[in-house]
Enquirer: 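Just dropping this structure here.
This is a predicted model, so every value here is computed, not measured. Numbering of residues begins at 1 and proceeds along the displayed sequence. In what follows, every heavy atom counts, from backbone to side chain, and hydrogens, waters and symmetry copies are set aside. Every number for a ligand or one of its atoms is a count from 1 in the order of the listing.
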Amino acid sequence: MKKYSDQEIKAFGLMPERIPKHVAIVMDGNGRWATERGMPRGMGHRAGVNALRDIIRFSSDVGVESLTIYAFSTENRKRPKDEIGILCGLLIEYFNREIDELHANAVRIRSIGDLSWFPTAVQETVRAAEVKTAANPGLKLNIALNYGGRAELVRAMRLAMRESDEPDEDAISRNLYTADSGDVDLLIRTGGDERVSNFLLWQIAYAELYFTDVKWPDFTRDELIRALQAFAGRERRFGGLKSNGAK
Ligand code: IPE
Ligand code: IPE
Ligand code: MG
């Protein structure tokens with residue numbers, strides 16, 4: 001739920017009328033963060049989970065409406081079993097620890113992706129968080145778990161074809177997991193790589209892209225402010241001409 005006044009938002013160096021409605025984040029670099037500290041990769045994932053709290057909180061406080069975070073891709077299933085096990089454990093721990101505060105902040109949690117692939121304990125934890133927060137009016141937090149953009153598009157296409165033999169763009173959009181969050185305005189990727197890695201392929205058609213070398217566990221509120229400032233400085237034309245009256 002938006003907490004800050006316009007004046008407070010300006011005090012962060014942000015423009016109240018240029019806060020993106022939908023922010024998506026590829027939270028990358030956990031493993032390298034740990035390795036460069038001589039720690040096992042799991043410690044990087046743990047530090048990454050801890051970094052989330054401030055980012056969700058600040059996004060909500062400045063009035064971002066939807067935050068979609070990439071936690072586990074369909075391709076991440078290729079990772080070693082023990083790393084996947086650590087991630088599952090962290091996921092359960094995360095929800096158990098954070099759910100009350102998220103709920104108190106009116107955050108509405110949804111998972112996107114094929115949850116059925118995960119162990120039952122993970123599915124149950126995530127579903128419980130979704131049910132508990134379903135009616136909340138605040139930040140829409142979409143957590144991508146076993147998510148792939150291509151798989152999402154195939155699913156949306158199949159669902160749309162139940163409505164019509166010739167689905168149009170709106171029919172596809174309506175059947176995406178993120179239908180009620182709309183297109184992504186700002187896509188952030190941490191960790192230094194500049195690629196999309198099968199995230200929200202449809203929804204990022206006109207997103208502003210922001211890449212940073214900062215690894216996810218080090219992505220603090222100040223780093224998010226930098227990304228929001230960069231977004232505010234971009235001129236979005238959506239294929240048209242400058243929006244300031246030039247013809
Ligand atoms: C992102 O961090 C988290 C997941 C993919 C689960 P990585 O684990 O990909 O970290 P790096 O890219 O190896 O540093
Ligand atoms: C993208 O990171 C997926 C998540 C952050 C969950 P990866 O580390 O899996 O991406 P690639 O393999 O470098 O493209
Ligand atoms: Mg990675």
Enquirer: If you measure from each non-hydrogen atom of Ser73 to ligand 1, which part falls under 4.0 Å: side chain, backbone, both or neither?
Expert: neither
Enquirer: Of all the atoms in ligand 1, which lie at a distance below 4.0 Å from a heavy atom belonging to Asp28?
Expert: 1 (C), 2 (O), 7 (P), 9 (O), 10 (O), 11 (P), 12 (O)
Enquirer: Quick check on contacts: which atoms of ligand 2 are under 4.0 angstrom from a heavy atom of Met27?
Expert: 5 (C)
Enquirer: Identify, for atom 6 (C) of ligand 1, the protein heavy atom at the shortest distance, and state residue, atom and that distance.
Expert: Ala71 O, 3.4 Å
Enquirer: Which word best sums up how the rings of Phe199 and Tyr147 line up, parallel for under 30°, tilted for 30 to 60°, or perpendicular for over 60°?
Expert: perpendicular
Enquirer: Please state which part of Arg79 comes within less than 4.0 Å of ligand 2, counting heavy atoms only: side chain, backbone, both or neither.
Expert: side chain
Enquirer: So, for atom 14 (O) of ligand 2, does the protein have a heavy atom nearer than 4.0 Å?
Expert: yes
Enquirer: Which part of Lys215 is near ligand 1, with near meaning a heavy atom under 4.0 Å away: side chain, backbone, both or neither?
Expert: neither
Enquirer: Between Phe199 and ligand 2, find which residue part has any heavy-atom pair under 4.0 Å and reply side chain, backbone, both or neither.
Expert: neither
Enquirer: Give a yes/no on ligand 1: does Gly191 have at least one heavy atom closer than 4.0 angstrom to it?
Expert: no
Enquirer: What protein heavy atom sits nearest atom 10 (O) of ligand 2, and how far away is it?
Expert: Arg189 NH2, 3.3 Å
Enquirer: Under the 6.0 Å and 45° cation-pi test, does Arg155 pair with Tyr177?
Expert: yes
Enquirer: With backbone taken as N, CA, C and O and side chain as the heavy atoms from C-beta onward, which portion of Asn76 lies under 4.0 Å from ligand 1: side chain, backbone, both, or neither?
Expert: side chain
